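Please read the structure below before turning to the comments.
Order of the sequence lines sets the chain letters (A, B, ...), proteins ahead of strands, with each chain counted from 1. Quick caveat, the model's predicted, so the values are computed rather than measured.
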Amino acid sequence: MNIHDTLSGDTLPLRDGPVRIYLCGVTVYDDTHIGHARTIVVFDVLRRFLAESGRSVTLIQNFTDIDDKIIDRAAAEGADPLQLAERYIARYHEDFDRLHVKRADAYPRATAYMGHIISITASLIESGHAYVVDSGVYYSVESFPRYGRLSGKDTGEMMTGVRIEPQEDKLSPLDFALWKRAQKGPLWDSPWGPGRPGWHIECSAMSLSCLGEDFEIHGGGRDLIFPHHENEIAQSEGHTGGRQARVWMHTGMVTISGQKMSKSLGNIKSTRALLDRWGPNVLRLFCLSGHYSKPIDYSAELLAESLTLWRRLEACRYTLEQAAGGEGGGAAREWAERFDAAMAADLNTHEAIVAMTEMAKSVGEMAAGGRLGTGEAAAILSELDRMMGIMGLRVARPPPGAAIDGRVAERRQMRLAGRYAEADAVREELRGDSVELLDYSGRTIWVCREQIPGEDAPDQA
RNA sequence: GGUGAGGUGGCAGAACGGUUAUGCGUGAGCCUGCAGAGCUUAUUCAAGAGGGUUCGACUCCCUUCCUCACCUCCA
């Protein structure tokens with residue numbers, strides 16, 4: 001598989017062997033929003049695809065659980081910062097379990113890596129990449145000649161536009177904190193006095209400690225390219241002398257009417273609220289509808305389109321499951337190969353979804369024409385399930401004991417006898433269990449529909 | 001101002017130096033007891049603008065305009 005690398009600007013083939021992935025997760029000071037969800041779903045699909053292709057994958061996703069934003073938020077609520085972080089981590093897992101995101105192999109937290117953070121900081125001081133002043137320890141950007149390569153920035157030009165904050169004692173405005181001395185708030189002891197780590201250092205410590213050097217993929221949202229990932233490279237590579245990661249993979253932003261979501265515009269869509277409204281499958285299809293590297297514009301139309309698509313996939317899957325008789329003609333492998341080729345080409349989920357929709361269309365065609373044979377259906381079903389598994393899509397199942405087949409058979413007798421009112425009553429009754437009946441010529445397929453509240457008022461996205 | 005991404009049909013959104021992308025929406029028709037699903041067909045020269053290379057460009061090169069993001073915290 002090939003993946004685009006932000007650092008080199010090239011699309012690089014993945015090396016053979018186990019794949020180590022580090023994904024920059026979230027700072028847990030609030031609930032996650034659809035932008036976080038998009039990035040996390042993309043990496044979830046990436047690791048599922050690789051695993052499905054027979055690769056051994058290790059996915060590490062961090063929680064930054066100590067940070068000024070957490071402290072500020074806690075102060076505003078009169079809560080303890082570490083407990084607040086704990087609460088949002090719990091809510092994170094609730095939300096993403098619901099979104100069908102497979103749990104990462106580990107979720108390291110900054111607060112659990114203080115020893116590593118301190119030892120890397122000490123090593124950077126020793127090697128001349130960092131220095132100690134009154135307010136803490138800073139990384140010296142000029143000590144790392146490659147600084148700016150990831151984000152395409154020139155340190156000389158950065159100096160001209162920089163804002164000098166008052167009371168700053170760092171040597172250059174470009175330098176950034178590795179350790180912040182502090183008197184209050186959650187504090188950890190260090191050789192430089194009590195305090196807290198700076199923002200970027202925890203990811204250097206956790207990636208090195210969980211995955212080592214030169215791991216395959218380091219990912220996150222585009223907005224992390226600068227300064228977060230740029231600084232991580234400076235720290236990690238200044239410390240080890242080697243390469244931190246081989247491919248830097250960045251996901252595009254989710255925008256609303258073309259604008260990035262922001263607190264000040266009040267247009268943030270929380271993952272939780274959207275899950276309540278659209279359910280996991282529609283939300284995932286939405287997140288995967290465009291290429292991961294480009295922005296997705298959040299809109300009622302796009303959500304409605306994802307919903308329509310999901311309804312078709314549901315019907316397709318149940319149709320395949322209940323196929324019977326007939327001579328089949330179709331090529332399950334053809335769609336599967338197209339799907340795989342799209343995914344292998346820099347994770348082109350849009351193309352992959354197209355392959356799925358064309359497959360669904362073809363299945364509908366065969367089913368309507370009575371040409372869907374059991375053998376063919378089974379072959380297509382197994383491919384569809386594989387694709388849905390990679391995309392993290394799951395159809396709803398009817399309540400146990402619904403006795404659907406029996407009711408469908410009874411309704412068939414009613415229809416044959418021309419007792420349409422009774423037949424329609426059965427259809428209505430089953431609808432109460434979210435089961436919809438599709439009458440093809442000669443036979444009836446039942447589909448268990450996922451309950452999606454947003455379907456009734458799609459405009460209020 | 002700097003850096004990066006991008007401008008494709010009513011909307012969403014890919015690929016590709018030459019053949020209808022695809023989906024959604026909309027119109028008409030078919031199928032159906034009804035509904036759904038499905039089918040047929042239409043939605044005219046789709047490519048921000050202007051040059052260039054080429055037998056041929058949406059696809060390569062140049063110029064220009066525009067949008068968004070990052071440059072302060074951000075997935």
Side chain A:Arg222, main chain A:Ser293, donor-acceptor under 3.5 Å:
yes

Base, sugar-phosphate or nothing for [X]? Non-hydrogen atoms, less than 4.0 Å.
X        : value
A:Gly219 : nothing
A:Leu438 : base
A:Tyr420 : base
A:Val254 : base

Do A:Glu230 and A:Ile225 have side chains that approach each other closer than 4.5 Å (heavy atoms only, starting at C-beta)?
no

A:Met253 and A:Asp223, any side-chain heavy atoms less than 4.5 Å apart:
yes

For a stem of at least 3 consecutive Watson-Crick or G-U pairs with distances under 3.5 Å, i pairing with j, i+1 with j-1 and so on, which stems involve RNA chain B?
B:1-7 with B:65-71, B:10-12 with B:22-24, B:25-30 with B:38-43, B:48-52 with B:60-64

Interatomic distance at [atom1], [N] relative to [M], whole Å:
N     : M     : atom1 : value
B:C61 : B:A28 : P     : 46 Å
B:G18 : B:A57 : C1'   : 9 Å
B:G7  : B:A47 : C1'   : 10 Å
B:G1  : B:U19 : C1'   : 46 Å
B:C16 : B:A69 : P     : 28 Å
B:C34 : B:C58 : C1'   : 47 Å
B:A15 : B:U22 : C1'   : 10 Å
B:U40 : B:G23 : P     : 10 Å

Shortest side-chain distance from [X], nucleotide among [options]:
X        : options             : value
A:Lys294 : B:A12, B:G2, B:G6   : B:G6
A:Met253 : B:C71, B:C24, B:A75 : B:A75
A:Glu351 : B:A75, B:A14, B:C24 : B:A14
A:His291 : B:A14, B:G36, B:G33 : B:A14
A:Leu224 : B:U22, B:A14, B:A75 : B:A75
A:Thr251 : B:G33, B:A75, B:A37 : B:A75
A:His350 : B:G13, B:G36, B:C70 : B:G13
A:Arg411 : B:U22, B:C34, B:G36 : B:C34
A:His33  : B:C71, B:A75, B:G23 : B:A75
A:Asn348 : B:G23, B:A14, B:A37 : B:A14

Of A:Ile296 and A:Asp67, the one whose closest nucleotide on RNA chain B sits nearer the 5' end is A:Ile296

Find which nucleotide of RNA chain B each of A:Asp424 and A:Gly35 is nearest to by heavy atoms, and output the residue with the more 5' nucleotide.
A:Asp424

From A:Tyr113, A:Tyr92, A:Phe96, residue fulfilling ring pair (Phe, Tyr, Trp, His ring centres under 6.0 Å) relative to A:Phe63:
A:Tyr92

Would you say [N] has OP1 or OP2 under 4.0 Å from some side-chain N or O of [X]?
X        : N     : result
A:Lys260 : B:A75 : no
A:Arg312 : B:C24 : yes
A:Lys361 : B:U22 : no

Side chain of A:Arg427, base of B:A35: donor and acceptor closer than 3.5 Å?
yes

If you go through the side-chain atoms of A:Asp154, does one of them form a donor-acceptor pair with the base of B:G2 closer than 3.5 Å?
no

